[in-house]
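These notes are about the structure you will find just below.
Just the heavy atoms: all of them, side chains too, but no hydrogens, waters or symmetry mates, feed the values below. Chain A is the first sequence line, chain B the second, and so forth, proteins listed ahead of strands; every chain is numbered from 1.
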Number of protein chains: 2
Amino acid sequence: MTAKQTEKQFLKSYNIHDFDVPLTSVDMAIFTLKDEQLQVLLVKRAQHPALGQWALPGGFIDFKKDKVLADAARRKLAEKTGVDTPYLEQVATFGGADRDPRGWSVTITYFALIVCDEVELSGDESSDDVKWVPIKDITNKLELAFDHKQVLAACIERLKNKVQYTSLPVNLLPEEFTLTELQQTFEIILDKKIEKKSFRRRIDDADILEETGNMKTGSNRPAKLYRAKPKGENFYFTRNIEGPR
Amino acid sequence: MTAKQTEKQFLKSYNIHDFDVPLTSVDMAIFTLKDEQLQVLLVKRAQHPALGQWALPGGFIDFKKDKVLADAARRKLAEKTGVDTPYLEQVATFGGADRDPRGWSVTITYFALIVCDEVELSGDESSDDVKWVPIKDITNKLELAFDHKQVLAACIERLKNKVQYTSLPVNLLPEEFTLTELQQTFEIILDKKIEKKSFRRRIDDADILEETGNMKTGSNRPAKLYRAKPKGENFYFTRNIEGPR
DNA sequence: ATAATAGTGTCTATCAGACAGTATTAC
DNA sequence: GTAATACTGTCTGATAGACACTATTAT
């Protein structure tokens, strides 16, 4: 009876493979803003299973390199994009007997928000190809490996929901940006127009930005450039953006 | 090179144990309302590791019984409480090298809301004892196994957050209840008073309850009894409960 | 009648949307 | 000047909190 052993004795005779252990991996939905669209990074699988199919980047935990789960996500992100300080959020974990032909599998899913001009796409041994795909193109046209369409849908839903009451889109813009650019980012993700004055009031009340002192010039009145305040974590509003009435 | 194999050949030679696979389990925070307090179910561990310590109920996936992750959570819940149709929500997944002495481990965490008079607590082989603990008693008094204090904190935070803008507390009440009882449930979880009229307006606008036709009598004016509407999923409000100004 | 709790009427405060107005640049 | 975009003033509308009021029961 195990209860008679010390914990040390127990651990000595313990073998993880005596139990049902699922194949556990981490998958990422890496979002960026490109060509005025919200896009997600897909990789073409270079290995079985689902060889040749497009999939969310992901892979197994590296027991040596990863101390906690988020490390694995950050590592995958850096491998594919070179970006190492993204906004990163765990979304959900999917697990089941039928989602991977290798057997019972679990995937912990994260999404990341990055600035795409800071990215240099790089494939690696596990992918023939890497590309940005506008999320609007993912509906029925494109097949994704495993249950990744469902996984991605969960990430998009989470992102859209949070954009209604947080300042998350700041993470999709470069260091300096105008209020109009920020508003456009919100509009692209929410896929609806926001009233300018409401938007500016909201951002102003949140007190999350500071002027850089620089201006963005164009063929018209220049716009003030802002940056996120240094310790500016993501702000949570108590009311949602509602959109046109 | 794997790319030259068919998927079938690949799967034939595939062995899950050739990779780093963490010890993956499911843990539950089972909440109920008891003695006018929000309480959580803890079990005393009857096995190594952390033998004798209090912990959230949980365990490994059963590849035969569980088709998807939520099945494992539901199964754990039924084993401990006999309840089989709870409100169940996945909260977060914790994983790391140091959270379990057996090695790199991952736990997918769910919370459940149940009605405690429908429960018959039952230990099983893996637990000496099972008990309800008010969440207010969990601060520093009580040690929990592994990182379960942190895990539980995440569940409590999620619950509190969602109670601000959903109708979740309905799931903690029996079939029939009064509006005052429902309000008290919200107040207990949020740990603050809610203005009666605001609360009733909110519930009324949501249109999620129906009168049962019965009344609850006491030493004063009887109160109408309500039940959740049949297809009443949990309602999402667009504004949070704000509490006293 | 009184105590006690159920339930309502209605005021104010807050913040989102609407929309017209002013400001500042390039040309 | 005109065109274009940045930015603001201020009205309306929706919904939360405050709080006093009425309603209905047991005793």
Side-chain angles (χ1 to χ4, degrees), chain A residues 36 161 163-167 169 173 176-187 190-227 235-245, chain B residues 36 161 163-167 169 173 176-187 190-227 235-245:
Chain A
E36 316 212 323
N161 277 335
V163 168
Q164 292 184 82
Y165 59 91
T166 68
S167 57
L173 290 172
E176 286 190 317
F177 51 86
T178 68
L179 290 179
T180 301
E181 287 164 352
L182 183 59
Q183 179 173 344
Q184 283 164 351
T185 306
F186 275 81
E187 289 175 340
L190 293 175
D191 196 25
K192 63 184 176 190
K193 284 286 173 193
I194 302 171
E195 215 289 317
K196 184 165 47 172
K197 188 60 194 291
S198 307
F199 180 76
R200 283 163 183 250
R201 218 175 11 210
R202 204 172 155 89
I203 297 298
D204 195 50
D205 292 349
D207 193 34
I208 51 177
L209 303 183
E210 61 187 14
E211 299 180 13
T212 64
N214 303 325
M215 303 290 278
K216 179 179 185 180
T217 56
S219 61
N220 43 39
R221 174 171 173 175
K224 281 183 180 168
L225 282 162
Y226 294 83
R227 73 166 73 84
F235 189 84
Y236 284 69
F237 298 91
T238 58
R239 279 175 72 172
N240 289 352
I241 290 176
E242 293 171 17
R245 283 183 171 144
Chain B
E36 314 210 325
N161 277 334
V163 169
Q164 291 184 83
Y165 59 90
T166 68
S167 57
L173 290 172
E176 285 190 319
F177 52 86
T178 68
L179 289 179
T180 300
E181 286 164 352
L182 183 59
Q183 179 173 344
Q184 284 164 350
T185 306
F186 274 81
E187 288 175 342
L190 293 175
D191 196 25
K192 64 183 176 191
K193 284 286 173 194
I194 302 170
E195 214 289 320
K196 181 166 53 168
K197 189 61 195 293
S198 306
F199 180 78
R200 283 162 184 250
R201 221 176 6 210
R202 204 173 155 86
I203 298 298
D204 195 50
D205 292 350
D207 193 34
I208 52 177
L209 304 182
E210 60 187 15
E211 298 180 13
T212 65
N214 303 325
M215 303 291 278
K216 180 178 185 180
T217 56
S219 62
N220 43 38
R221 175 172 172 176
K224 280 183 181 169
L225 283 162
Y226 293 83
R227 73 166 74 85
F235 188 84
Y236 284 68
F237 298 91
T238 59
R239 279 176 72 170
N240 288 352
I241 289 176
E242 293 170 18
R245 285 185 169 143

**Request:** Decide yes or no for A/K192 and A/E187: does some side-chain heavy atom of the first lie under 4.5 Å from some side-chain heavy atom of the second?
**Result:**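 When only atoms from C-beta onward are counted, A/E187 and A/K192 do not touch, as no gap falls below 4.5 Å.
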Measure from [atom1] on [X] to [atom2] on [N] and round the result to the nearest Å.
X      : N      : atom1 : atom2 : value
A/I241 : C/dA18 : CD1   : C1'   : 16 Å
B/E195 : C/dT12 : CD    : C1'   : 13 Å
A/R239 : C/dA13 : CZ    : P     : 16 Å
B/E211 : C/dG7  : CD    : C1'   : 12 Å

Does [X] reach a base, just sugar-phosphate, or nothing at all? Heavy atoms under 4.0 Å.
X      : value
A/T180 : sugar-phosphate
A/E242 : sugar-phosphate
B/T238 : nothing

Compare every heavy atom of [Y] with every heavy atom of [X], then report the nearest pair and how far apart it is.
X      : Y      : answer
A/E195 : A/K197 : OE1-N, 2.9 Å
B/S167 : B/F186 : CA-CZ, 4.2 Å
B/P222 : B/T217 : CB-CG2, 4.1 Å
A/L179 : A/F199 : O-CE2, 3.8 Å

**Prompt:** Does any N or O in the side chain of B/Q183 come within less than 3.5 Å of the main-chain N or O of B/I194, such that one atom is a donor and the other an acceptor?
**Reply:**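 At least one qualifying donor-acceptor pair exists.
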**Positional range of nucleotides in DNA chain D within the contact set of chain B, heavy-atom, under 4.0 Å** =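 That gives a stretch of D/dT15 to D/dA26.
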**Verdict with supporting geometry, A/K216 and A/T180, side chain to side chain contact (heavy atoms under 4.5 Å, CB included)** = CA-CA 11 Å; A/K216 179 179 185 180; A/T180 301; over 6 Å; no
**Asked** Can you tell me if NZ on B/K193 sees more than 12 non-hydrogen neighbours from other groups inside 6.0 Å?
**Response**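 Check fails, neighbour count at 12 or below.
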**Request:** Strictly below 4.0 Å, heavy-atom distances to any atom of DNA chain D: list the hits from residues 199-208 of chain B, or just say none.
**Result:**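 Here the set is B/R201, B/R202.
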Just the atom pairs and distances: protein N or O near nucleotides 25-27 of chain C's N or O, under 3.5 Å.
residue	atom	partner	partner atom	Å
C/dT25	O2	A/R221	N	3.4

**Prompt:** Starting at the 5' end of DNA chain D, which residue's closest nucleotide do you reach first, B/F237 or A/T178?
**Reply:**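 Of the two residues, A/T178 wins.
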**Item:** Salt-bridge criterion met for B/E176 and B/R227 (N-O under 4.0 Å)
**Value:**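 Looking at B/R227 together with B/E176, the answer is no, because their closest N to O distance does not fall below 4.0 Å.
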**Request:** Can you check whether any acceptor in the base of C/dG7 is under 3.5 Å from a donor in the side chain of B/K224, or vice versa?
**Result:**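 Answer no: no donor N or O sits under 3.5 Å from an acceptor.
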**Asked** Counting only distance, no hydrogens or angles, is the base of C/dG7 paired donor-acceptor with the side chain of B/K196 under 3.5 Å?
**Response**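 Answer is yes: a donor-acceptor pair is held.
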**Message:** Go through it in stages, so that I can follow the logic: the residues are A/L209 and A/F177, the test is side chain to side chain contact (heavy atoms under 4.5 Å, CB included), and I'd like the CA-CA distance, side-chain angles, deciding distance and then a yes or no.
**Reply:** CA-CA 10 Å; A/L209 303 183; A/F177 51 86; 3.8 Å; yes
**Message:** The test is side chain to side chain contact (heavy atoms under 4.5 Å, CB included); show your working for B/L190 and B/Q164 and say whether it passes.
**Reply:** CA-CA 8 Å; B/L190 293 175; B/Q164 291 184 83; 3.8 Å; yes
